[in-house]
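First the structure, in the form of structure tokens, and then the observations on it.
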Amino acid sequence: LHPQFDLVLGMVIDFMHCVLIGVVKALLVHWFSASKKYEKYSAHDKIAICDDHLMSIKVPRFVKRTPQSLTQFSNWKASELLSWLLCYSIPILKGVLDTNYYSHYCLLVVGLHILLGDKITQQSLDLAEHCLQQFYLKYSELYGIESTTMNVHLLSHLVMYTRAWGPLWTTSCFPLEGMNGVLRKHFHGTREIPLQVTKSFVIILITIFLCSLLTILPCYICFHNYSTSN
């Protein structure tokens, strides 16, 4: 590696996979999965109530995906998990989760809300760090040491990366995942995928070039005819 490359700060945590697909989805499994219905933190018997509240929400225009049923949370996309985390979960879970679990979850929401902001003050960073550290430290006590995964541990380092690189959305994989959807349209089947994508983009570039000629060529002909006639 380059001698000036910082192996720690240079490997930024992606909040999309770590927090949303990692921690948030794991919490949904704890609360609403049938396999966990006998655990003290389970809200499986109240999933219908939560679902009614979720499906009745009229989402603002900036939310691209309307809420899906909580019974389908295993199929939720990262953007849906983000909307659940920041917009829906706090009012829906109030009175559903036990007070200790609800207060604990609020620490995660507050911390991520701060770190995903456009402008973050030093005071806000300190608050986010406190919230996420407390969430991490209490997680094993509430959900068991076996549930305290690497993703949960990485929450305690998110503020450090925010101080170094800025808000979490600036280093997330959301734009890259979106581009995967674009690339997916440019190949069919499973053989020679790089070659298929390359050929598709070459065709697009040639098409753009030919279209530009159709615009320029008539002007050139007119200019040439005018020049030669004079």
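- Taking the six-membered ring for Trp and thresholds of 30 and 60 degrees, H104 and Y139 have ring planes inclined between 30 and 60 degrees apart.
- Residues Y102 and I90 have side chains in contact (heavy-atom distance under 4.5 Å, counting atoms from C-beta outward).
- Rounding to the nearest 0.5 Å gives a distance of 14.5 Å between CD1 of I204 and NZ of K199.
- Using a 4.0 Å cut-off between charged side-chain N and carboxylate O, E129 and R163 make a salt bridge.
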**Item:** Steps toward side-chain hydrogen bond (donor to acceptor under 3.5 Å, both in side chains) verdict (Y161, T171)
**Value:** CA-CA 10 Å; Y161 286 99; T171 54; over 6 Å; no
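- For the residue pair Y101 and L142, the shortest heavy atom distance occurs at OH-O, 3.1 Å.
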**Prompt:** Can you check side-chain contact (heavy atoms from CB on, under 4.5 Å) on Q133 and L107, steps first, answer last?
**Reply:** CA-CA 9 Å; Q133 287 286 352; L107 294 171; over 6 Å; no
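- Checked by atom type and distance alone, the side chain of T198 pairs as donor or acceptor with a backbone atom of P194 at under 3.5 Å.
- Ring geometry for Y143 versus H30: interplanar angle under 30°, hence parallel rather than tilted (30 to 60°).
- Separating the OG atom in S103 from the CD atom in Q134 is a distance of 12.0 Å, to the nearest 0.5 Å.
- With contacts defined as side-chain heavy-atom distances shorter than 4.5 Å, the pair C50/L54 does not qualify.
- Using a 4.5 Å cut-off between side-chain heavy atoms of Ile, Leu, Val, Met, Phe, Trp and Tyr, with links allowed through other members, F32 and Y38 fall into different hydrophobic clusters.
- Residues M55 and I92 fall into different hydrophobic clusters, defined by Ile, Leu, Val, Met, Phe, Trp and Tyr side chains chained together at heavy-atom separations under 4.5 Å.
- With a 4.5 Å cut-off on side-chain heavy atoms, L168 and V19 do not count as touching.
- A heavy-atom distance below 4.5 Å is found between the side chains of S83 and Y88.
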**Request:** Let me see the working for W76 and R65 under side-chain contact (heavy atoms from CB on, under 4.5 Å), right down to the final yes or no.
**Result:** CA-CA 10 Å; W76 284 6; R65 293 177 181 269; over 6 Å; no
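- Applying the 6.0 Å contact sphere to NE2 of H44 captures more than 12 heavy atoms from other residues, nucleotides or ligands.
- Checked by atom type and distance alone, the side chain of T207 pairs as donor or acceptor with a backbone atom of I203 at under 3.5 Å.
- Transitive grouping of hydrophobic side chains (ILVMFWY, heavy atoms separated by less than 4.5 Å) brings L158 and L137 into a common cluster.
- Separating the NZ atom in K46 from the NE2 atom in H53 is a distance of 12.0 Å, to the nearest 0.5 Å.
- Side-chain contact between L85 and L108 is present, with heavy atoms from C-beta onward closer than 4.5 Å.
- L116 has its side chain out of reach of P167: every pair of non-hydrogen atoms, C-beta onward, lies at least 4.5 Å apart.
- Looking at every heavy atom in both residues, L20 comes nearest to A78 through CD1-O, 3.5 Å.
- Smallest separation of non-hydrogen atoms from S89 and V109: OG-CG2, 4.3 Å.
- More than 12 heavy atoms of other residues, nucleotides or ligands sit less than 6.0 Å from atom CD of Q122.
- Between L125 and L115 the shortest side-chain heavy-atom distance falls below 4.5 Å.
- The two atoms that bring V110 and C131 nearest to each other are CG1-SG, 3.9 Å, heavy atoms only.
- Residues F73 and L81 have side chains not in contact (no heavy-atom distance under 4.5 Å, counting atoms from C-beta outward).
- Placement of L86 and V96 in two distinct hydrophobic clusters is found when ILVMFWY residues are connected by side-chain heavy-atom separations under 4.5 Å, directly or transitively.
- Distance check: H130 NE2 to F135 CZ gives 13.5 Å after rounding to the nearest 0.5 Å.
- V152 and S147 make their closest contact through CG2-O, 4.1 Å (heavy atoms, listed as atom of the first residue, atom of the second, distance).
- Heavy-atom neighbours of K138 NZ from other residues, nucleotides or ligands within 6.0 Å: at or below the threshold of 12.
- Linking ILVMFWY residues whenever their side-chain heavy atoms come closer than 4.5 Å, directly or via other members, places V24 and M150 in the same cluster.
- Without hydrogens or angle criteria, S56 side chain to D52 main chain gives a donor-acceptor distance under 3.5 Å.
- The two atoms that bring A128 and V159 nearest to each other are C-CG2, 4.0 Å, heavy atoms only.
- For H113, the NE2 atom is loosely surrounded, since the number of other residues' heavy atoms within 6.0 Å does not exceed 12.
- Here the OG1-CG distance, from T149 to L154, works out to 8.5 Å after rounding to the nearest 0.5 Å.
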**Request:** Apply side-chain contact (heavy atoms from CB on, under 4.5 Å) to the pair W165 and I13, showing each step before the final yes or no.
**Result:** CA-CA 11 Å; W165 295 97; I13 298 170; over 6 Å; no
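- A donor-acceptor contact shorter than 3.5 Å links the side chain of D51 to the backbone of L70.
- Note that CG of L112 is 9.5 Å distant from CD1 of I114, once rounded to the nearest 0.5 Å.
- In this structure, W31 has its ring center closer than 6.0 angstrom to the ring center of Y105.
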